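The structure displayed is predicted, hence computed values, not measured ones. Just so it is clear: chains get the letters A, B, ... in the order the sequence lines come, proteins before strands, and each one is counted from 1.
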Number of protein chains: 2
Amino acid sequence: MSVRLVVSRQCDEQHEKRCAGSKNHGKKNHLERVDAMTARVSCNDCSLSPICLPLAVRADELEQLDNIIRRGRAMKRGEHLYRAADTFDAVYAVRSGALKTYSVSEEGEEQVTGFYLPGEIVGMDGISTARHVSSAKALETASVCEIPFDRLEFLSSRIPSLQHHFFSLMSREIQADRELHLLVSKKSADDRIAALLISISARHKLRGLSATTFRLPMSRYDIANYLGLAVETVSRTFTRFQQQHILRVEGREVEILDRGALCGAAPREILQQPC
Amino acid sequence: MSVRLVVSRQCDEQHEKRCAGSKNHGKKNHLERVDAMTARVSCNDCSLSPICLPLAVRADELEQLDNIIRRGRAMKRGEHLYRAADTFDAVYAVRSGALKTYSVSEEGEEQVTGFYLPGEIVGMDGISTARHVSSAKALETASVCEIPFDRLEFLSSRIPSLQHHFFSLMSREIQADRELHLLVSKKSADDRIAALLISISARHKLRGLSATTFRLPMSRYDIANYLGLAVETVSRTFTRFQQQHILRVEGREVEILDRGALCGAAPREILQQPC
DNA sequence: CGGCACATTGAGGAAACTCAACAAGTGTGG
DNA sequence: CCACACTTGTTGAGTTTCCTCAATGTGCCG
């Protein structure tokens with residue numbers, strides 16, 4: 001039942017077309033060198049496969065999926081994966097590192113719309129417009145797998161479970177947005193920050209990492225922006241949580257000392273899971 | 001200050017080329033005439049077809065779609081279409097009237113997550129969990145067409161344009177949520193209310209109804225809840241808009257007197273189109 | 001007509017914002 | 001290797017927007 005996957009297949013024609021149109025064209029070669037190891041790992045050998053796209057397909061179908069994916073594009077901190085108004089032709093699975101998505105209003109104010117950790121899919125908001133409506137930026141050194149959307153659609157119509165999984169992913173994205181809506185429109189600053197911490201904690205845990213100790217990939221500004229708060233409020237809340245022995249915070253390093261208190265502050269429906 | 005909020009969750013006119021095939025015969029003011037006959041009208045004869053699901057399929061495929069749809073379920077004001085935790089097995093196209101969706105937090109507080117007008121699709125948030133995560137309730141006398149989701153998935157894998165349209169719909173839902181996020185987390189009460197009014201106005205216009213004079217299907221409480229405000233704030237804002245001759249308000253009847261002021265007081269690029 | 005949900009208006013208070021200053025960490029170039 | 005600019009984060013003081021509480025008005029339905 002196991003399928004051996006060809007490591008290479010890096011440059012099929014779709015890929016070339018895409019590269020040609022990409023603004024980041026110039027960086028490609030450099031980046032592929034940088035990440036030579038991870039770039040070549042097939043889905044089959046990827047540790048993220050249980051929580052990433054491959055979970056939706058049977059082993060014997062995985063090769064088809066594997067073939068359309070361009071793996072391991074490396075990104076440096078601050079680099080853009082795509083920008084608002086870029087043509088949409090792919091979605092991306094985060095392989096390592098972390099990204100944020102954001103849009104910019106006409107006055108130039110930024111709105112952070114999401115944070116993405118390994119195994120999560122970025123870029124689904126551009127489907128309807130054929131252009132990205134937001135931008136995606138690496139919060140730290142990261143790498144992503146590119147999944148050309150037209151091919152994914154084609155494959156989806158052949159593999160029902162993949163189609164379903166993709167509907168499912170988008171549905172989950174909607175759910176998450178609704179929970180965020182509740183958070184931002186009804187909850188206090190404390191609740192919002194607690195909820196974000198718990199969410200990140202849970203996502204770390206899902207990846208087999210510590211649920212209590214982790215490094216926040218984003219700045220206070222990003223947190224504040226995402227949650228609809230002022231930076232100062234975020235900072236003060238962290239300080240207070242620390243005084244109350246709920247957290248230990250040192251810059252971006254966080255240790256959750258009293259999960260119960262956090263959960264109490266943050267309603268649990270935000271987490272989709274018991275605290 | 002500026003806000004972005006989509007004109008319509010699902011049915012703006014910038015659709016894929018695929019929709020070119022659908023004929024739009026007489027899309028007049030049918031929406032207001034809720035006659036008993038509507039229950040039996042096939043998609044083919046439905047005045048909403050240019051902005052509803054049928055726009056995604058060719059004429060010769062429409063019959064297949066038509067066959068899986070259970071049409072014209074009538075609902076009375078306050079009646080539920082589904083409730084959170086109900087098993088998810090269908091999505092619904094609003095045929096007439098209006099619905100709201102909402103979830104209830106553990107503390108029992110309600111969070112209104114969306115308003116749905118004729119031609120829009122409700123219920124897509126339940127796909128990933130196989131259960132609805134929110135409830136949908138009629139704001140007034142309404143009727144909906146039920147679309148069993150497993151059949152829709154099956155059909156989607158046969159009709160690429162339908163699959164794409166559905167991805168597109170969900171993507172648009174995500175976009176709308178992101179814009180709402182910006183609105184709620186960054187904008188003033190004035191801006192939020194202005195943006196909602198403009199959104200509803202635009203959606204009415206798209207349906208061939210007046211963009212300046214319309215009746216809000218939802219209560220002040222729902223508006224406040226949706227926008228993350230107190231009812232009193234909504235009320236006061238309406239009053240002030242009226243004093244400033246931006247609106248004429250009489251209960252739920254609204255007339256937009258100064259669209260420019262609305263757009264400026266809240267934003268012009270809400271619409272991705274001139275205001 | 002009363003009962004009830006919905007809506008408006010006023011007064012006072014509080015959570016979070018803005019402004020401002022400062023501290024610490026990061027990177028760049030001389 | 002240090003000086004300097006710059007970004008990021010923290011803390012304080014005063015202000016503002018919006019919320020809460022409370023009272024009253026209005027329309028609808030049995």
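- Test A:Glu253, A:Glu255, A:Glu250 against A:Arg215 for salt bridge (Lys or Arg N to Asp or Glu O under 4.0 Å) and you get one pass: A:Glu253.
- Here A:Gly78 lies out of heavy-atom contact (under 4.0 Å) with every strand.
- Of the residues in residues 212-222 of chain B, not one comes within less than 4.0 Å of DNA chain D through any heavy atom.
- Without hydrogens or angle criteria, B:Asn225 side chain to B:Val112 main chain gives a donor-acceptor distance under 3.5 Å.
- Within 4.0 Å (heavy atoms only), A:Arg252 reaches sugar-phosphate atoms of the nucleic acid but no base atom.
- Interface limits on DNA chain C: the 5'-most and 3'-most nucleotides within less than 4.0 Å of chain A heavy atoms are C:dA16 to C:dA20.
- Between B:Phe88 and B:His132, the ring-plane angle classifies as perpendicular under the 30° and 60° cut-offs.
- Side chains of B:Ser134 and B:Thr101: no donor on one and acceptor on the other come within 3.5 Å.
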Test side-chain contact (heavy atoms from CB on, under 4.5 Å) applied to B:Arg178 and A:Glu173, step by step: CA-CA 11 Å; B:Arg178 302 276 156 96; A:Glu173 194 95 354; 2.8 Å; yes
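- With A:Lys100 as reference, A:Glu110 is the one residue of A:Glu110, A:Glu140, A:Glu120 to meet the salt bridge (Lys or Arg N to Asp or Glu O under 4.0 Å) rule.
- Looking at A:Gln111 and B:Ser185, their side chains do bring a donor and an acceptor atom within 3.5 Å of each other.
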Begin from the C-alpha positions of B:Cys145 and B:Arg73 and carry the test side-chain contact (heavy atoms from CB on, under 4.5 Å) through to its verdict. CA-CA 6 Å; B:Cys145 298; B:Arg73 166 168 164 188; over 6 Å; no
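- Atoms NZ and OG, from A:Lys76 and A:Ser143 in turn, are 14.5 Å apart once rounded to the nearest 0.5 Å.
- The aromatic rings of A:Tyr226 and B:His181 sit perpendicular, their planes meeting at an angle over 60°, well past the 30° parallel limit.
- Extent of DNA chain D lying under 4.0 Å from chain B heavy atoms, first and last nucleotide in 5' to 3' order, is D:dC18 to D:dA22.
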